[in-house]
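Working notes for the structure below.
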There are 2 protein chains.
Amino acid sequence: MPTLSPSAFQARKCERGVGLVDQMQAGDRRALSRLVSIVENGGEDSRRALAKLYQYTGRAQIIGVTGPPGAGKSTLVNELALEFRRRDTTVGILAVDPTSPYSGGAILGDRIRMQPLGHDPSIFVRSMASRGQLGGIARATGDVVKVLDAAGFNKIIVETIGAGQAEVEIAREAHTTVVVEVPGLGDDVQAIKAGILEIADVFVVNKADREDAQKTQRHLQAMMQLGGAPREDWPVPIVMTVATKAQGIEAVVDAIESHLSHLQTTGHFVERERQRVEREFRSILQGLALDLVQERVGPEQRAAVVARIQARQVDPYTAAERMLADALGVAELK
Amino acid sequence: MPTLSPSAFQARKCERGVGLVDQMQAGDRRALSRLVSIVENGGEDSRRALAKLYQYTGRAQIIGVTGPPGAGKSTLVNELALEFRRRDTTVGILAVDPTSPYSGGAILGDRIRMQPLGHDPSIFVRSMASRGQLGGIARATGDVVKVLDAAGFNKIIVETIGAGQAEVEIAREAHTTVVVEVPGLGDDVQAIKAGILEIADVFVVNKADREDAQKTQRHLQAMMQLGGAPREDWPVPIVMTVATKAQGIEAVVDAIESHLSHLQTTGHFVERERQRVEREFRSILQGLALDLVQERVGPEQRAAVVARIQARQVDPYTAAERMLADALGVAELK
């Protein structure tokens, strides 16, 4: 068997990623799974595959589902997927766990929960744990969403655990954000943060058969009234569910569909998309620029500069300006 | 009164930021407060001030305190600060709320909680809400820590609310991370994530007068044993506290001091610092490179490219490569 030089091997791998896009478009599920893995891992292979499949994106409704641990999000998401299927809508599900940056917490959950959906070819389920990298999880999530979008899924549900910065980043990429609360937790001011109120397009009070469910509902209503005028003329609905008994699921799906119509008729859909594209483009540009500078400077010089910064012989701002000017062959930056 | 041209005005503002560093070094508290505001806001003024004060940094022990909402972190941090003061150690406190990106949640908390510390000039307290920007809160936190470090505080406590990605980012910048758990919440697998276990240098079980406190302690011990070998030869201590009654506080401070000695004797202190400097330098370099490209390209051309990406006429990866090549005046990137 002939061996390939590293660069030839790299080229063949990239070819393969790009070829996979055609196979995925032809309905090949294994090609889809492999593409998801490639873009999750990032790097040059991922960029090439994404460049190729980008033309097929922009058709799915991206739905974020977030809320505190123990709110029953996974069960709810399963039921939502089943209801979408009854309406002849295909569904991709991404379960993201940004609170578990080092270990595969999400994967464990995945095995436990996704069995009821496993045999339907119009539902695709994937779970991801965070890479512990600044913005890493948001980047990988956005890229996997693009693969599912290009693969033709009508709805893509991104389920996130917790209520931190990463959720907000992910919610920002969604067209419709469903925030799940539960009686008992939700009465605490800490649990329903102002930030969460502002990202919610649909509120779900799950486990609504608990006795204080009405109180949680009233509390949410009061907090929204305190929050002032409704966002973008959309009165955020509060839907009561008992996901374990499949109660209230149709109403949640109706609310998600109504929100999509609202976005489309008001022009907000196109505007959200423009903002998303702009943010993404900036981030890609930034990554490429850094790669370029680092390549031109080389690892030894970089290590030497870091050592001088650590010794407080130079500050990192001045050092960065000098390195950039060096790398670009200009005397001064401005 | 003569008016200044925008650039002269900018220059004077920068001068002022740099002058403030000297005043702060001379012990001026108002200069310190103003510098904190300047670096919080970011931008060119912030960069200049940080470049000037960088030489005075690297002396403080940075202590992260994190844990779920309702764990009593604020009360604990207040008590830790008072105990440090009894040991003649000066303390800067930064309360960061990454779960509240849109509103000033942290500021409300600040008013309520910080009164007992307000009159001691050797304690400085500041609260920050997230900017809703990717990595924005981590950047701003790191920069405010630098100001407090340069101002000469011996210990800088960074308190974060929640348990998401932002906490992990902030913990990574700390020398010593204290993770606070409480009985009742902590028995849930969801509450004590594998990721949290791995960032903890000291565990605190607060509200230890609750009946199931021992159970929480045993649970933590079991989880740490499951996690394999102790990190860096440091057996993570579990300290029981009742912060509202100032119980167990001395033991927490002892554990924090022991961890500092451990870092110093093993050489981990210098290595952590090197990694931190490297990450920070990359991030500054990346921001500068993006600024440069955007400046050279101009807003109209950028908007036109974004519109073409949105229309799927070009993918963002190819567009970014072309823009970078254009901005740098090269035919191709590689």
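Per chain, numbering begins at 1; letters A, B, ... match sequence-line order.
Heavy atoms of Arg302(A) lying under 4.5 Å from chain B are absent altogether. For Glu280(A), the part lying under 4.5 angstrom from a heavy atom of chain B is the side chain only. For Gln313(B), no part lies under 4.5 angstrom from a heavy atom of chain A. In this structure, chain A has no heavy atom under 4.5 Å from any part of Arg279(B). Contact annotation for Val270(A): both backbone and side-chain heavy atoms come within less than 4.5 Å of a heavy atom of chain B.
The greatest number of non-hydrogen atom pairs below 4.5 Å with chain A, out of Arg274(B), Gln294(B), Gln55(B), is found for Arg274(B). When the candidates Pro316(A), Ala307(A), Ala311(A), Gly287(A) are compared by the number of heavy-atom contacts under 4.5 Å with chain B, Pro316(A) comes out ahead. With chain A as the partner, the residue from Thr57(B), Val277(B), Asp291(B) showing the most heavy-atom pairs under 4.5 Å is Thr57(B).
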- Kindly indicate, with the supporting measurements, whether the criterion side-chain contact (heavy atoms from CB on, under 4.5 Å) is fulfilled by Val297(A) and Asp326(A). CA-CA 8 Å; Val297(A) 169; Asp326(A) 268 8; 5.5 Å; no
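By the 4.0 Å N-to-carboxylate-O rule, Asp149(B) lies too far from Lys146(B) to be salt-bridged with it.
The side-chain contact (heavy atoms from CB on, under 4.5 Å) test with Arg276(A) is passed by exactly one of Glu271(A), His175(A), Glu173(A): Glu173(A).
For Arg312(B) and Tyr54(A), the positive end sits near the middle of the six-membered ring, less than 6.0 Å away and at most 45° from its axis.
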